> 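Have a look at this one before I ask anything.
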Amino acid sequence: CIRGATQSGIQVLDTNVTLEHCVLTGNNTTNGNLGGAITVSPQGAGAMGTVALRDCQILKNSASDYGGGIRVAVSDASIRLERCWIIDNRAGSHGGGIHADVRPRGSMVLRDTVVARNVGGDSGASGGNYVGGGCAFVGGVDAERCFVSANYVRSVNNGCFGASDS
């Protein structure tokens, strides 16, 4: 269990990682480039590999900007979530539960995953066009047998928002 960390609970930089049966709760960050519980991002010129989460709980985390639960900002990673619970996370702008930008060569896969009661656009700033209370995806995303419910964002697209590279 990783609890109460600041500047993200886990930062994955240029490596392969598999997390199983983990609980990440009460983590937060005020760094706009980091997610509350997990951040996946490149460091230097290294290539990202595969990041897999299985049977994990991402609960009650927060980020000042993107990805209250999980923030993925890398173009060549393969991210896979299986049987995970992404619940009660908050982000100041996009993706209360998950914010993932994996364009143009990366991928994000969600299987049998619950995304619920997450909040995006939580900074209180007025006039923002915030998207994805539950999740905000840019690039290749594949979801199967997932449950997305009761997510909220101050602007548009309460559940999941997706955009292509073009």
Side-chain angles (χ1 to χ4, degrees), residues 1-43 48-74 77-102 106-123 130 132-139 141-153 158-161:
C1 181
I2 297 177
R3 178 175 298 160
T6 58
Q7 304 312 312
S8 202
I10 296 174
Q11 293 184 45
V12 179
L13 307 171
D14 299 336
T15 190
N16 297 318
V17 173
T18 298
L19 300 172
E20 295 182 334
H21 306 284
C22 292
V23 177
L24 289 97
T25 185
N27 302 289
N28 68 77
T29 183
T30 56
N31 180 329
N33 294 319
L34 301 177
I38 299 173
T39 300
V40 180
S41 64
Q43 180 179 19
M48 287 297 299
T50 300
V51 177
L53 281 74
R54 294 186 190 100
D55 303 300
C56 291
Q57 298 177 38
I58 312 298
L59 312 169
K60 298 181 181 177
N61 302 283
S62 65
S64 62
D65 209 354
Y66 299 99
I70 299 171
R71 165 84 160 122
V72 179
V74 62
S78 173
I79 313 297
R80 186 174 188 91
L81 279 68
E82 297 179 21
R83 298 175 306 279
C84 292
W85 292 64
I86 316 297
I87 300 176
D88 290 329
N89 300 285
R90 304 177 87 78
S93 60
H94 308 296
I98 304 168
H99 181 273
D101 186 345
V102 295
S107 65
M108 178 101 188
V109 175
L110 287 85
R111 296 283 185 268
D112 304 305
T113 292
V114 174
V115 180
R117 297 191 319 252
N118 299 288
V119 177
D122 195 38
S123 68
Y130 304 117
C135 17
F137 299 119
V138 182
V141 177
D142 180 25
E144 186 175 302
R145 296 181 307 273
C146 294
F147 179 75
V148 178
S149 177
N151 297 287
Y152 174 79
V153 69
N158 286 332
C160 283
F161 171 83

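For this chain, numbers begin at 1 and follow the sequence in order. All values derive from a computational prediction rather than experimental measurement.
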> Does the side chain of Thr29 pick up a donor-acceptor pair with the side chain of Gln7 at under 3.5 Å?
yes
> A side-chain contact here means heavy atoms from C-beta on lying under 4.5 Å apart; do Tyr66 and Thr39 qualify?
no
> State, yes or no, whether a side-chain contact exists between Ile87 and Val114 at a heavy-atom distance under 4.5 Å.
yes
> Heavy-atom distance under 4.5 Å between the side chains of Ile38 and Leu24, does that happen here?
yes
> So do the side chains of Ser41 and Leu13 get within less than 4.5 Å of each other, counting heavy atoms only?
yes
> Would you indicate whether the side-chain heavy atoms of Cys84 and Thr113 approach each other to under 4.5 Å?
yes
> Quick one: pull up CZ in Arg80 and CZ in Arg54 and give me the separation to the nearest 0.5 Å.
7.5 Å
> Are the side chains of Leu81 and Arg111 in contact, using a 4.5 Å heavy-atom criterion?
no
> Is a side-chain N or O of Ser64 found less than 3.5 angstrom from the main chain of Gly92, in a donor-acceptor match?
no
> Using side chain to side chain contact (heavy atoms under 4.5 Å, CB included) as the criterion, point out the one residue from Asn89, Ile98, Val153, Asn61 that pairs with Asn118.
Asn89
> Which value, rounded to the nearest 0.5 Å, describes the distance between Tyr152 atom OH and Arg90 atom CZ?
10.0 Å
> Report yes or no: does Thr25 contribute a side-chain atom to a donor-acceptor pair with the main-chain N or O of Leu59 at less than 3.5 Å?
yes
> Is Asp112 salt-bridged to Arg145, cutoff N-O under 4.0 Å?
yes
> Would you compute the distance between atom CE of Met108 and atom SG of Cys135 and round it to the nearest 0.5 angstrom?
8.0 Å
> Just how far is it from atom CZ of Arg83 to atom CD of Gln57, taken to the nearest 0.5 Å?
13.0 Å
> Please report the C-alpha distance between Ile79 and Val40 in whole Å, then the side-chain angles of each, then the deciding distance to 0.1 Å, and finally whether the side chain to side chain contact (heavy atoms under 4.5 Å, CB included) criterion is met.
CA-CA 9 Å; Ile79 313 297; Val40 180; 3.9 Å; yes
> Look up atom CD in Glu20 and atom CD in Glu82, then write down how far apart they are to the nearest 0.5 Å.
9.0 Å
> For Ala91 versus Gly67, what's the shortest heavy-atom pair and its separation?
CB-N, 3.9 Å
> What heavy-atom pair brings Ala63 and Leu34 nearest, and what distance separates the two atoms?
CB-O, 3.8 Å
> Taking atom CG of Asp65 and atom OG of Ser93, what is their separation to the nearest 0.5 Å?
3.5 Å
> Is there side-chain contact between Ile10 and Ser8, with at least one heavy-atom pair below 4.5 Å?
no
> Taking it one step at a time, do Asp142 and Leu110 satisfy side chain to side chain contact (heavy atoms under 4.5 Å, CB included)?
CA-CA 6 Å; Asp142 180 25; Leu110 287 85; over 6 Å; no
> Less than 4.5 Å apart, any side-chain heavy atom of Ile58 and any of Leu53?
yes
